[in-house]
Peer 1: 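One structure is given below, represented as structure tokens, and several questions about it will come after.
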Amino acid sequence: MAVSVICRRTAGFCRTFKGVSTSKAVIPAHSLLQIASYNPKPLKLNISKPYIPDKDNEKTPEWQKTARYARKLFGRYGSAAGIDPASLWPSSEQLDRIVADEAEWHPPLEVILKNVEAKQKEETEKRLAKEKVIAANMAKMPKMIADWRREKRETTQKLKVEKERRAKLLDEARQRFGYAMDPRSPKFLEMVAEIEKEEKKKRKLMKSRLKVAQTAAPVTPPVASS
């Protein structure tokens, strides 16, 4: 009887709105009947006989044997899970590791401020040391510039003397052999070695003569004071 009443009401509802909009689809009567008669059952949680995995069974997944899953069961079923709450607490080693991690990654405010102060002090000391080195180098700068200019002048002078000496040797070789020679030729190098040997002999002779002259010079007696 209840079903027939619902059908009649549904038919009357459809006739009422049939002429309102012919372009819109009308929900069939049997669909409305199913919606009206739908009564979902509540989800039942079996607290009297909860599923407790057997850790000794080889078919039990490994993730159901972990302490994390045991905590999950205890949080869902409470004492009905048959789990000792004391076993859910971390061990002494785990507590030490947790405390160490907290101290490393989440230190107290005093420790953070102390570390910031130490870092600022270290950066200040590095900056002062760098400024000290810069100031010392700046004080040495005039002398360094003067030494660099002196070395540059000496190098330029040496190159000039060497160039003049090479030109003189090439001119002497042209006068001796009658033609211009390549400074890399063996004959030219042999002539240069011979000239250097003669110059060395002359310097040695002049040195010995100067020594003899200094030895033979008369010694003037000191004048007696009255």
Side-chain angles (χ1 to χ4, degrees), residues 66-68 90-226:
T66 59
R68 181 178 181 181
S91 61
S92 300
E93 293 78 7
Q94 292 175 345
L95 282 175
D96 294 339
R97 187 166 60 251
I98 292 173
V99 171
D101 291 342
E102 286 289 334
E104 181 179 0
W105 298 105
H106 303 285
L109 180 60
E110 293 80 3
V111 177
I112 295 176
L113 294 176
K114 187 176 180 181
N115 293 337
V116 170
E117 184 179 358
K119 187 175 182 180
Q120 290 178 351
K121 183 179 179 181
E122 182 181 359
E123 291 178 354
T124 303
E125 291 177 353
K126 289 182 179 179
R127 179 176 56 81
L128 293 176
K130 187 176 181 180
E131 291 177 355
K132 185 177 180 180
V133 172
I134 292 174
N137 291 335
M138 291 299 294
K140 297 177 182 178
M141 188 63 68
K143 184 177 182 302
M144 294 173 64
I145 294 175
D147 294 341
W148 174 77
R149 290 177 177 174
R150 177 178 52 79
E151 292 177 358
K152 187 177 181 180
R153 287 195 301 268
E154 292 177 355
T155 303
T156 305
Q157 185 64 24
K158 287 181 181 179
L159 292 175
K160 183 179 179 181
V161 172
E162 183 67 22
K163 186 177 180 180
E164 292 177 354
R165 181 174 178 274
R166 180 178 292 272
K168 184 179 179 182
L169 291 173
L170 290 173
D171 184 61
E172 185 175 348
R174 185 170 56 252
Q175 293 178 4
R176 180 179 298 187
F177 299 102
Y179 58 91
M181 298 187 64
D182 186 358
R184 297 170 296 181
S185 63
K187 186 179 290 187
F188 179 79
L189 296 176
E190 184 179 354
M191 185 199 73
V192 172
E194 183 180 352
I195 291 173
E196 289 179 351
K197 186 176 180 181
E198 292 177 359
E199 290 179 353
K200 185 177 180 181
K201 188 183 296 184
K202 289 180 180 180
R203 287 194 301 267
K204 187 175 180 181
L205 182 60
M206 290 181 62
K207 187 177 180 181
S208 61
R209 288 180 179 178
L210 182 61
K211 186 176 181 181
V212 171
Q214 290 177 353
T215 305
V219 180
T220 304
V223 178
S225 59
S226 58

Peer 1: Measure the spacing between CD of Glu102 and CD of Glu104 and express it to the nearest 0.5 Å.
Peer 2: 11.0 Å
Peer 1: Does this structure show an ion pair linking Arg174 with Asp171, if we count only N-O contacts that are shorter than 4.0 Å?
Peer 2: yes
Peer 1: Please indicate whether Arg68 has more than 12 foreign heavy atoms, meaning atoms of other residues, nucleotides or ligands, lying under 6.0 Å from its CZ.
Peer 2: no
Peer 1: For Leu189 and Arg184, work out which heavy atoms get closest and say how close.
Peer 2: CD1-O, 4.0 Å
Peer 1: Distance check, rounded to the nearest 0.5 Å: Leu170 atom CG versus Lys168 atom NZ?
Peer 2: 12.5 Å
Peer 1: Under 3.5 Å, side-chain donor or acceptor atoms of residues 130-143 against the rest of the protein: list the pairs with distances, not counting sequence neighbours.
Peer 2:
| residue | atom | partner | partner atom | Å |
| --- | --- | --- | --- | --- |
| Glu131 | OE2 | Arg127 | NH1 | 3.2 |
| Asn137 | ND2 | Val133 | O | 3.2 |
| Lys143 | NZ | Asp147 | OD2 | 3.0 |

Peer 1: Got a salt bridge between Lys158 and Glu154, using NZ or NE/NH1/NH2 to carboxylate O under 4.0 Å?
Peer 2: no
Peer 1: Mind checking the CD-CD spacing from Gln175 to Glu172? Nearest 0.5 Å is all I need.
Peer 2: 7.5 Å
Peer 1: Could you grab the distance from atom CG of Leu210 to atom OG1 of Thr215, nearest 0.5 Å is fine?
Peer 2: 9.0 Å
Peer 1: So do the side chains of Lys126 and Glu122 get within less than 4.5 Å of each other, counting heavy atoms only?
Peer 2: yes
Peer 1: If you count every heavy atom of other residues, nucleotides or ligands that lies below 6.0 Å from Arg176 atom CZ, does the total exceed 12?
Peer 2: yes
Peer 1: Do Arg97 and Gln94 have side chains that get closer than 4.5 Å, going by heavy atoms?
Peer 2: yes
Peer 1: Please check if the number of heavy atoms outside Glu190 that lie under 6.0 Å from its CD is greater than 12.
Peer 2: no
Peer 1: Roughly how far apart are His106 NE2 and Asp101 CG, rounded to 0.5 Å?
Peer 2: 8.5 Å
Peer 1: Tell me if the CD atom of Glu123 is crowded by more than 12 foreign heavy atoms within 6.0 Å.
Peer 2: yes
Peer 1: With Arg203 as reference, evaluate Met206, Glu199, Lys201 under the side-chain contact (heavy atoms from CB on, under 4.5 Å) test and give the passing residue.
Peer 2: Glu199
Peer 1: Between CD of Glu151 and CZ of Arg153, what distance do you get to the nearest 0.5 Å?
Peer 2: 10.5 Å
Peer 1: Taking all heavy atoms of Phe188 and all of Ala173, pick out the closest pair and write down the distance.
Peer 2: CD1-CB, 3.9 Å
